[in-house]
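A short write-up of the structure that comes next.
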Number of protein chains: 2
Amino acid sequence: MSKKEALLKAAENKVRLGGYSNFSFRELANEVGIKSASVHYHFPTKADLGAELAHQYTNSFLTALGEPNALKASGKNPINVYTQLFRSALVTDRKMCLCGLLGAESDSLPEKVRLEVKRFFNENLAWLTAAHSANGDLNPTQSAIQTVSLLEGAMMISKTLDDNSYFELATKLTE
Amino acid sequence: MSKKEALLKAAENKVRLGGYSNFSFRELANEVGIKSASVHYHFPTKADLGAELAHQYTNSFLTALGEPNALKASGKNPINVYTQLFRSALVTDRKMCLCGLLGAESDSLPEKVRLEVKRFFNENLAWLTAAHSANGDLNPTQSAIQTVSLLEGAMMISKTLDDNSYFELATKLTE
DNA sequence: TATAAATTACCTATCGGTAGGTAGGTTGTT
DNA sequence: AACAACCTACCTACCGATAGGTAATTTATA
């Protein structure tokens with residue numbers, strides 16, 4: 001892993017635990033074994049680092065999801081796949097969704113970071129709308145915003161109360 | 001309004017836009033017209049201020065809600081009342097829920113602040129469970145976590161995408 | 001005359017960012 | 001092949017600004 005990749009990885013961990021202001025060039029540099037000034041070689045400003053981080057996070061997320069129609073065709077419920085990706089972020093990583101946290105503090109973010117966070121949600125809503133559509137949902141647009149809202153909210157509350165069973169209960173089908 | 005109240009009000013505005021690290025004693029002091037050192041007279045440390053802020057926010061929130069059974073008795077749907085309180089936070093204040101934002105960055109918060117944020121959600125879940133119960137809901141505990149998750153998530157996404165119609169669509173009854 | 005509330009004047013630590021330099025490798029030209 | 005020019009990936013040293021916090025003192029109020 002290159003130093004640049006290591007810096008992004010270290011930044012992701014910190015941001016997902018405490019937001020944009022929860023990492024500094026010095027901390028990142030220490031973690032990967034270079035000097036803080038050298039971080040500027042890879043990322044001219046902190047905003048550049050933040051924007052690239054959100055951009056790559058979004059790309060990885062979408063790649064991990066795959067195509068909703070392809071999932072449907074292979075017998076999977078794409079909404080379950082989507083939910084599972086959130087679950088593993090919470091349970092395995094024990095961290096918030098990067099863009100969920102950044103989105104909440106959107107107003108205080110540098111412009112270029114905020115735009116990348118917006119892209120995350122626009123792409124997610126498009127994916128979920130296609131997924132609900134493939135499921136025969138009569139109002140896929142509404143279902144899409146409800147799905148992502150529920151998951152982001154449940155994730156945040158489970159983190160706050162330090163108990164993943166809240167996430168499980170929130171995402172369980174009503175009996 | 002006392003200086004102390006003014007400090008809390010100024011802090012609330014800043015935290016609801018950018019989180020715990022989005023306010024400093026200097027900024028707060030400037031806004032209310034005192035010196036930063038004087039803020040320490042009212043709040044020994046930043047954590048004390050943050051904890052008191054979250055505590056009062058929770059109290060105000062619960063007071064504004066009233067009692068679920070009393071609402072029900074007066075012909076109102078308590079869940080609609082609850083939703084409306086979130087809506088006005090988003091539409092009127094144009095800001096995130098204080099504890100929603102703090103909850104997301106829970107891991108990086110001072111202990112005493114984190115405890116107050118936990119209290120917010122525990123109290124909210126208790127209120128919502130009683131409300132769904134009063135509505136005759138067969139699984140009020142599950143409905144409670146789903147309601148607060150959906151609202152916090154929808155609020156965050158509407159803020160991020162700077163479009164309140166996402167909140168409206170997320171909270172609209174499915175047709 | 002107490003006490004509350006604020007002041008001045010600091011402190012140490014850290015922040016993002018910049019200036020200037022360097023070792024080692026690559027590319028381009030003759 | 002030789003050499004100049006350039007690039008990559010760092011370094012040391014430092015900048016002004018800001019962070020949270022403290023001690024001693026003054027001012028205002030009950």
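The analysis underlying the following values was restricted to heavy atoms, covering all of them including side chains, and did not include hydrogens, waters or symmetry mates. Naming: A, B, ... by sequence-line order, numbering from 1 per chain.
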To the nearest Å, give me how far apart [atom1] ([X]) and [atom2] ([N]) are.
| X | N | atom1 | atom2 | value |
| --- | --- | --- | --- | --- |
| I34(B) | dT27(D) | CD1 | P | 18 Å |
| L28(A) | dG17(C) | CG | P | 13 Å |
| H42(B) | dT7(C) | NE2 | C1' | 12 Å |
| L7(A) | dA9(D) | CG | P | 12 Å |
| L109(A) | dG16(C) | CG | P | 14 Å |
| K35(B) | dT8(C) | NZ | P | 5 Å |
| K4(B) | dA6(C) | NZ | P | 12 Å |
| R26(A) | dA19(D) | CZ | P | 16 Å |

Practice problem: Determine: side-chain N/O of Y41(B) to OP1/OP2 of dA5(C), distance under 4.0 Å, yes or no. | Solution: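 Yes, Y41(B) has a side-chain N/O under 4.0 Å of OP1/OP2 on dA5(C).
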
Practice problem: Verify the contact: side-chain N or O of S38(A) to OP1 or OP2 of dC11(D), cut-off strictly under 4.0 Å; return yes or no. | Solution: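 For dC11(D), OP1 or OP2 has a side-chain N or O of S38(A) closer than 4.0 Å.
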
Quiz prompt | D48(A) vs T45(A), side-chain hydrogen bond (donor to acceptor under 3.5 Å, both in side chains): CA-CA, chis, key distance, verdict | solution = CA-CA 5 Å; D48(A) 290 316; T45(A) 69; 2.9 Å; yes

Quiz item: With a non-hydrogen cut-off below 4.0 angstrom, is F43(A) in contact with a base, only sugar-phosphate, or nothing?
Solution: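 No contact at all - F43(A) keeps every heavy atom at 4.0 Å or more from the nucleic acid.
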
Practice problem: Mark yes or no for whether W127(B), through its side chain, and G66(B), through its backbone, hold a donor-acceptor pair below 3.5 Å. | Solution: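 Here the side-chain-to-backbone pair exists.
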
Practice problem: Identify which one of L151(B), N77(B), L150(B) satisfies the side chain to side chain contact (heavy atoms under 4.5 Å, CB included) criterion when paired with T83(B). | Solution: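 Passing option: L151(B).
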
Could you check which of [options] has an atom nearest any side-chain atom of [X]?
| X | options | answer |
| --- | --- | --- |
| F25(A) | dA6(C), dA23(D), dG17(C) | dG17(C) |
| H40(A) | dA19(D), dG17(C), dA6(C) | dG17(C) |
| S24(B) | dT8(D), dG20(D), dA23(D) | dG20(D) |
| K46(B) | dA19(C), dC15(C), dG21(D) | dG21(D) |

Exercise. Take A37(A) and P44(B), find for each the nucleotide of DNA chain D with the closest heavy atom, and name the residue whose nucleotide sits nearer the 5' end.
Key: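 Looking at DNA chain D, the more 5' nearest nucleotide goes with A37(A).
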
Quiz item: On the ring face of F167(A), is K159(A) found with NZ or CZ under 6.0 Å from the centre and within 45° of the axis?
Solution: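 Judged by the rule, K159(A) and F167(A) form no cation-pi pair.
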
Quiz item: Is the Lys NZ or Arg CZ of K46(A) less than 6.0 Å from the centre of F23(A)'s six-membered ring, within 45° of the axis?
Solution: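 Yes, cation above the ring, under 6.0 Å and within 45°.
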
